[in-house]
Each structure stands twice: as structure tokens, then as C-alpha cells.
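Have a look at the structure below, then the notes.
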Number of protein chains: 2
Amino acid sequence: MAATPLFRRIDVAPAYQKVADAIEREIINGRIKPGEPIGTEQQLVAQFGVNRSTVREGIRVLEEGGLIRRDSSRRLQACLPRYNKLATRLSRALILHEVTFRELFETSMTLEVASVEGAVERATDENIAELAGNLERSAAVVGNPAELAELDAEFHVLMAKASQNRVLQLAREPAAQLFFPTTEMIVGGVPEGGARLIEAHRHILDAIKQRDKEAGVLWTRRHLQDWRRGFEKIASLDRSVEHTYMEHAYAARQ
Amino acid sequence: MAATPLFRRIDVAPAYQKVADAIEREIINGRIKPGEPIGTEQQLVAQFGVNRSTVREGIRVLEEGGLIRRDSSRRLQACLPRYNKLATRLSRALILHEVTFRELFETSMTLEVASVEGAVERATDENIAELAGNLERSAAVVGNPAELAELDAEFHVLMAKASQNRVLQLAREPAAQLFFPTTEMIVGGVPEGGARLIEAHRHILDAIKQRDKEAGVLWTRRHLQDWRRGFEKIASLDRSVEHTYMEHAYAARQ
DNA sequence: AATCTAGCTTTGTCGGACAAACCGATAAGA
DNA sequence: TCTTATCGGTTTGTCCGACAAAGCTAGATT
């Protein structure tokens, strides 16, 4: 720490970055609310006094960050960042860091248990109805690993939603996005895999209905341990989430 | 699901998005490794056959996503997304969603406990040395809430690092970024707040050294409960993380 | 009144241009 | 010989102007 700095640190960020920062500030501190228009590119050009190309680069930054989007008619508006999109970025990062399935499993175990605890405490009737709907649809496709895996992922998303904790919802999503795509392989590869999965879901839902935290935690643990056993028949937990595997997960995104 | 779709879904993404996607694919599946150059804008223009403005918009997207950056001489290269940067995006999103401190607290409790459990199991000598160093520096500034708060945040980052679980490291970061900036107010507002914080850190570090999981969890819980009690003297847990509050957190980022 | 049509606006893309910063290599000086 | 200065050639950041396609608006038509 220099004593009494003589000069202020000079700011040499490129113009497009300053444009993005300026708009971001307005959104973050609430002067522009989600859903409200940002203005046309022409207006931004006039306000910032920079070229349209520069404005557009700034817009791309904000768009990728999820802070703004184009509505049906391509006009710019502020918006709430979608968990899904953010989580995709994170999943991507985890893949590049070559994390192992053990890390994913351990973290998911923690977060899913927290999730079910929250759901047991705070699930609304509507949450329970959604979970019940999911369970019903799952039972109908017990023999179809692909569809069952998708419904399994949805079940866990609904459970996190039922916990009424949005921080938890966001925190669990990246791991889940990487974790659940393997479900298909596992359900398909284990005899009675589909049936066991649905049984676990049923017990979890019952526990949430009964507000029975212990049962909820117990069956969530079992459910994930089942996944683990299935996975270990295929590969080591210490294998890293691979690049090639990612191509799957990516094809599914919109 | 339509039976035998006659036409393939046509792709109408703008060109800059396609450019970004194309480069992203190469990085994700490992054909371009972190640290390797992407090529100059001119080369990309030639390869993709689009205008430089278009290429630049694509680059902005990838840059914001953390997949590429400019090295010292501004040349483009692939890179591993920094947890810090990603977490900042997430924190931003949580603020816009107006999550409450209760949600933050609950999730942080879960993640910090998981973190200490991992650290007790797997901390290396180096991890322990880092934590000890942090503790020593903390003891030296026990009367200075601002510096102590910063060191507290660092302590928890080091703990997560010691857990050797990168997924956990990433998952806890967003909540922590919002959670810990309040530490300063709380430490400053509670008598003996600084001393209690350091005592908790000391016990946690001891537990990690002794590989005593119970003690580690116990003191981590206490540590966070202390924060909670301090916070509730100032405000309700059900208050949302506010826009104005964010301006603080933002000023600190680089 | 509902529909159609003809502008006007806005976005996405293109081409070219130029200053500033950076790189590499050569020339000049100790 | 080693350091310093100079000078082109690249590359990025920014600017200007232009145009086609798609949406919106409002007047014209049935």
C-alpha cells in the first residue's frame, strides 16, 4: 500500500467495456428494471457518443452475461439472468477444469440433501403437485432410460424449487447438469434401475408430504448412492468429466 | 414429438453467434487447449468468411464467457474460466433475483460445513500452512474490521481449496461473495466480534490438523451462527440482498 | 371494420479507414 | 560487445458509411 498515492489509477478500459459497465450499473442498482427497454442502438450511440460498432460490442457482452436480451421484435430489454444459462457457463468451466465425478458426486450429495431438507420444511401444495406429476410421468416411462433420465433431472430441479431457496437452486444446478446426463447410461445398465429410481422418488415425495426430514434425507442418500454404484460399474469415480462426454450435454441445450 | 420430421430444424442464429459457437466448440472438446492462441482477428475473418465486426462481436461473447482472453500483448488465447469471474456473474444474478439473507445463510451453512468436512479429510500440509498464515495475519488485525473481514473471506476460500473439491469451491463462491461482505459490519458491531471470529478459525484449523471432523463441523457451525446473531442485530434475515448494498461489493472487484 | 400496402425504423452484416500500441529487426552509440 | 534508438509491419480499438431483411406504423383499399 503506497502512502498517499499521488495519482489516481488511470482507467484504460476499452470503450465497449465502459458501455457495458455503464448499462450494467443501471440495471444492477435498479434504475432499469427487468423487462424495461434499454433503448435502440441508435439511442445508445447518441447517449454514449461512440460508434455503433462499439455499442454493439458492449451489447454482446451484456447479452452473454444474461443481463439483457432481445424481445420478440429484437428490441433490447433488461432481464433477470436465467439460472439455466448461468449454470451452463459453470458446467462448461467445470469440464475445462477436468473435475472428477467424485467431486461432482460429493458436492451433489451435499446439495441434494440440503435441497430435500428445505423441501420437507417448506414445500407448498403446488410444489408437491408438480413433484407428483413428475412421478406419474416417470412411472409411465420406466422402461425408457432416456426419458426417465430427463424426468429424474426434472424431479431434482423441482425438489430444489420446493426448498424455496433460490441460492441453493442456483448452486446445485451446475453439478446437476453434469451429473444427471450419466443417469441414462446407469438406469439402462442396471437391472431394475428404473424401478429403483422411481421407488426412491416416491419415498422422497412421501417424506416431503409427511414433513419427515429423516426419511427424506435417507432416501435421497440412497438414491444418490444407487447412482454411484451404477456409475462405478461403468467407470471410476476418479475419472474426469471428459471433453467428449460434453458433446452430449451440449447438443441438448437450446 | 412429431413422427418422422420431414425437415431438419433450420438454424437462424446470427453470424456472430455462430462464430462464437464454433470457437467455443473447439475449446470445449479440447482441440484448442487453454493457453493456446486463437489466431488474429484477420485470420478468423479469413477462416469464417465474415466481416471483422462480426468476428469481433463473437469474440466479445467468448471473452465475457471467460473462455478466451487477451494476453499481455492483446493477442487472443483460450483460457480456463476463472472461478472468481464466474462467481461474480452469479452473485449479480442473485442480487437481481432479490434473494434474502436467509437463503444465503442456509446455503452457506451447508456448503461451508461440506467444505470443512472435505478439508478435514484431505487437507495437505501446504493447505494447512496457508490457513495458518491467514490465521496469523488475522490475529494481527483483530481490531480492524475491514481487514479482518477480508481475511475471513480468504480463510473460507482456503478451506474450500483444502477440501480438494473444485465443484464445491465453485458452488460456494457466489453465496460467499454476497455473504462475507457483511462480515465487516458485524465484526465491527459486536463486542469481541473479532476475537470470537479468530477463535473459531483457530479451532477449525486445529480440527483440520487433527483430522477431527466433528470438531471442525461444530466450530464451523458456531462460526456461522455467530455471524447470524450479529446480522440479526442489524437487520432481518428476510431482508433481500439489496441493490444499494451491491455497489459496495462491486467497487471491490477488479 | 378488417385487410393490404407502402413507408419508416431497427438490426445484422459488410467494406474500408486510421490512430495507437506492440513486435521485430536493424542502426547507432557506449 | 552490449545497450539504446529508430523504423516498418501487425494488430487492435474505434470510427464512418452503406445496405438488405424483418418489424412496426399508419394510411389506403375492399
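The distance between atom CZ of A/Arg74 and atom C1' of C/dT9, rounded to the nearest whole Å, is 13 Å. Rounding to whole angstrom units, CZ of residue B/Phe48 and P of C/dT13 are separated by 13 Å. Atom-to-atom, CZ of A/Arg52 to C1' of D/dA18 comes out at 10 Å; the value is rounded to the nearest Å. Residue A/Gln77 contributes atom CD, which lies 15 Å from atom C1' of C/dT10 at whole-angstrom precision. Atoms CG (B/Asp71) and P (C/dA21) sit 17 Å apart, rounded to a whole Å. Atom CD of A/Glu57 is separated from atom P of D/dT14 by 7 Å (rounded to the nearest Å). Between B/Gln42 atom CD and C/dC14 atom C1' the separation is 14 Å, expressed in whole Å. Atom pair B/Glu41:CD and C/dC14:P shows a separation of 14 Å (rounding to whole Å applied).
For the pair A/Asn51 and D/dC16, the criterion of a side-chain N or O lying under 4.0 Å from OP1 or OP2 is met. Of the side-chain N and O atoms in B/Thr54, one or more sit less than 4.0 angstrom from OP1 or OP2 of C/dC14. For the OP1/OP2 pair of C/dT9 and a distance below 4.0 Å, the side-chain nitrogens and oxygens of A/Thr40 include no atom meeting the criterion.
Using a 4.0 Å heavy-atom cutoff across all strands shown, B/Arg75 reaches sugar-phosphate atoms only and no base atom. Across all strands, A/Ser53 comes closer than 4.0 Å to base atoms (heavy-atom distances). Within 4.0 Å (heavy atoms only), A/Arg56 reaches at least one base atom of the nucleic acid. Note on B/Arg70: only backbone sugar-phosphate atoms sit closer than 4.0 angstrom, heavy atoms only; bases stay farther off.
Salt-bridge check for B/Arg137 with B/Glu147: failed, with every basic side-chain N at 4.0 Å or more from each acidic carboxylate O. The existence of a salt bridge linking B/Arg122 and A/Glu103 is excluded, since no basic side-chain nitrogen approaches an acidic carboxylate oxygen closer than 4.0 Å. B/Glu98 and A/Lys33 are not joined by a salt bridge, as no carboxylate oxygen comes within less than 4.0 angstrom of a charged side-chain nitrogen. One finds a salt bridge joining B/Arg56 and A/Glu57 here, because a Lys/Arg side-chain nitrogen approaches an Asp/Glu carboxylate oxygen to under 4.0 Å.
In this structure, of C/dA21, C/dT13, C/dG12, it is C/dT13 that holds the atom nearest to the side chain of B/Ala15.
Using the six-membered ring where Trp is involved, A/Trp227 and A/Phe101 have ring planes that are tilted, between 30° and 60° apart.
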